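What follows is one structure encoded as structure tokens, with my remarks underneath.
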Amino acid sequence: MIRIYNTLTRKKEEFETIEPNEVRMYVCGVTVYSDAHVGHAMSALVFDIVRRYLMYRGYDVKFVMNFTDVDDKIIARANQNGDDPFKLAQRYIDSYAKNLEDLNVLPATSNPRATQTMKQIIKMVQELGENGYAYAPGNGDVYFRVTKDKNYGKLSGRKIEEMQAGARIEVGEQKEHPMDFALWKAAKPGEPSWESPWGKGRPGWHIECSAMNLAELGEQIDIHGGGNDLIFPHHENEIAQTESLTGKPFARYWMHNGMLQFGGEKMSKSLGNLITIDEFISKHDADVMRMLVLTGSYRAPLAFTDEAIESAEKGLDRLKSGLRPASVSAKGLPAGSAAELTAQAASSQQAFESAMDDDFNTAGAVAALFELVKAINTTRDAGATVEQIHPAQTTLRTLTGVLGLRMQEKKGSGDADKFINLLLEVRTEARKQKLWAFSDLVRDRLKELGVAIEDSKDGTTWRWS
RNA sequence: GGCGUCGUGGCCAAGUGGUAAGGCAAGGGUCUGCAAAACCCUGAACGCGGGUUCAAAUCCCGCCGACGCCUCCA
């Protein structure tokens, strides 16, 4: 039984889907006006891991992630560059899609966009108006009437009366209540706009997610995810809009990931303390970013430091060490000893599952994998054959795959292989003649070129490092 | 100020009532010409103060501290 921490109830709850064996899942994507940073990567990775695990557990997962492709910041950025806002958004959508692919994030079942959901958005705003939850003061804006919604604040644990201190009304807005928020915004000159019953305008930020959910997944979904900075106001407002319209509970489980910390603070565009996904990928294997997320806890803040990155990198190497083949000249172990390893693999798998079942405790799951790696390595060292460690390695490969790790050894160009092998042949000959200085020189120089050599009694092996 | 998350060895981090996982780093060892890798061994860690209990890192109260949200934000 899977248990999930639900932001709505502030408790871990048993996971029960609306439809048997089917999970309807929606994750808030990004507003596409600049390059995505590693904080976005964290969120994408967290929900990719959730999704992969649910799939492993036999669920058919419908996974929707949106793109906010019309918004103040996109327009501002486009104006600044003399660019077309739609083209700009498309460019960043493409680049984010590439980032996700690099990070080995499974493609969403669908990626709806605000601009392609306009009809449903307008319809929804209209219906909210008919129900008395929305009002149009006549300036072309439409607002949501929070005082009409008795449950407003239930996700973030806030009360309307207590929030008024921080609320403010922008010039030109005509809100009945300071906490009311825009469903539809009148177009200013030169802005992209759509025809609507209230004149030319564009949607407010929150309504698009409500409309896309409704269009893609229906009135009720199982899991709604996003960063915890979206709890208020974004998700609170989504709930208000959707539930005011349908009269049904919207999402069963609200999941929120913690923020990536950089220099003790949240990494964010407004603080400017960010590292883009492209930058990270250019320096590290994408698995390293995933490993960083896996060794932490998805709901807690994650420190993005050089030390943490290095630790993740080393941990990843260690996991990979479990996949190295046994020596072909290994003598083999008695059947009983080999069976012990297979039994260890089964119990590691159980430990992995019970950790993951408990609110996707990836740190505990990875620990189970490390124990499996140790068992494999020990058995290999003891002289097991390739076949004897193979079943355990298959388990390791499967479970790291559930976490979305690629576990690929680094590769150089294939052309180099034969020259490296030749060089090592020469070096082996030199070692026979005890030409240590020469042998070490070859090793050191290859190391500088990224080729790591390991001598053992069975011969010399090498790999890209 | 309000809401929330959290404080476990040098660092990251699991565990949430019954003798404290795991990874990284450190030290020692096996193997090796030397390295590397792997393996073995070592390490007086539960923020502070009360309380409940036979028993608390784990529950309750108070305090201190960190971070997030309360305004666009994954």
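These numbers were taken from a predicted model, which means no experiment stands behind them. Reminder, nothing fancy here: chain letters follow the sequence lines and each chain counts from 1.
Counting any heavy atom pair closer than 4.0 Å across all strands shown, Gly157(A) reaches sugar-phosphate atoms only and no base atom. Heavy atoms of Asp72(A) sit nowhere under 4.0 angstrom from any nucleic acid atom.
RNA chain B is contacted by both Arg158(A) and Gly264(A); Gly264(A) maps to the nucleotide lying nearer its 5′ end (nearest heavy atom per residue). Both Ala300(A) and Asp381(A) lie close to RNA chain B; mapped to their nearest nucleotides by heavy-atom distance, the more 5′-ward contact belongs to Ala300(A).
In this structure Glu236(A) satisfies the salt bridge (charged side-chain N to carboxylate O under 4.0 Å, His left out) test with no other residue, sequence neighbours excluded.
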Identify the pairs formed between an N or O of the protein and an N or O of nucleotides 34-36 of chain B at a distance under 3.5 Å, and give each distance.
from	atom 1	to	atom 2	distance (Å)
rC34(B)	O2	Arg443(A)	NH2	2.5
rC34(B)	N3	Arg443(A)	NH1	2.7
rC34(B)	N3	Arg443(A)	NH2	3.3
rC34(B)	N4	Arg443(A)	NH1	3.4
rC34(B)	N4	Asp455(A)	OD2	3.1
rA35(B)	N6	Asp455(A)	N	3.4
rA35(B)	N6	Asp455(A)	O	2.7
rA35(B)	N1	Asp455(A)	N	3.0
rA35(B)	N3	Arg443(A)	NH1	2.9
rA36(B)	N1	Asp455(A)	O	3.3

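Rounded to whole Å, the C1' atom of rA44(B) lies 23 Å from the corresponding atom of rC40(B). Here the separation of rC67(B) from rG47(B), taken at their C1' atoms, is 15 Å to the nearest Å. For the C1' atom pair drawn from rG68(B) and rG9(B), the interatomic distance equals 27 Å after rounding to whole Å.
Looking at residues 363-380 of chain A, you'll see Ala363(A), Ala367(A), Phe370(A), Glu371(A), Lys374(A), Asn377(A), Thr378(A) sit with a heavy atom under 4.0 Å from some atom of RNA chain B. Contacts with RNA chain B (heavy atom under 4.0 Å) in residues 253-261 of chain A: Asn257(A), Gly258(A), Met259(A), Leu260(A), Gln261(A), listed by number.
A ring-ring contact (aromatic ring centres under 6.0 Å, His included) check over residues 446-465 of chain A, counting only residues at least two apart or in different chains, returns the pairs Trp462(A)-Trp464(A). Judged as a ring-ring contact (aromatic ring centres under 6.0 Å, His included), not a single pair has a partner in residues 357-405 of chain A (not counting sequence neighbours).
Contact annotation: Ser297(A) reaches the phosphate of rA14(B) (side-chain N/O to OP1 or OP2, under 4.0 Å).
The Ser311(A) side chain lies nearest to rC24(B) when the options are rG33(B), rC24(B), rA74(B).
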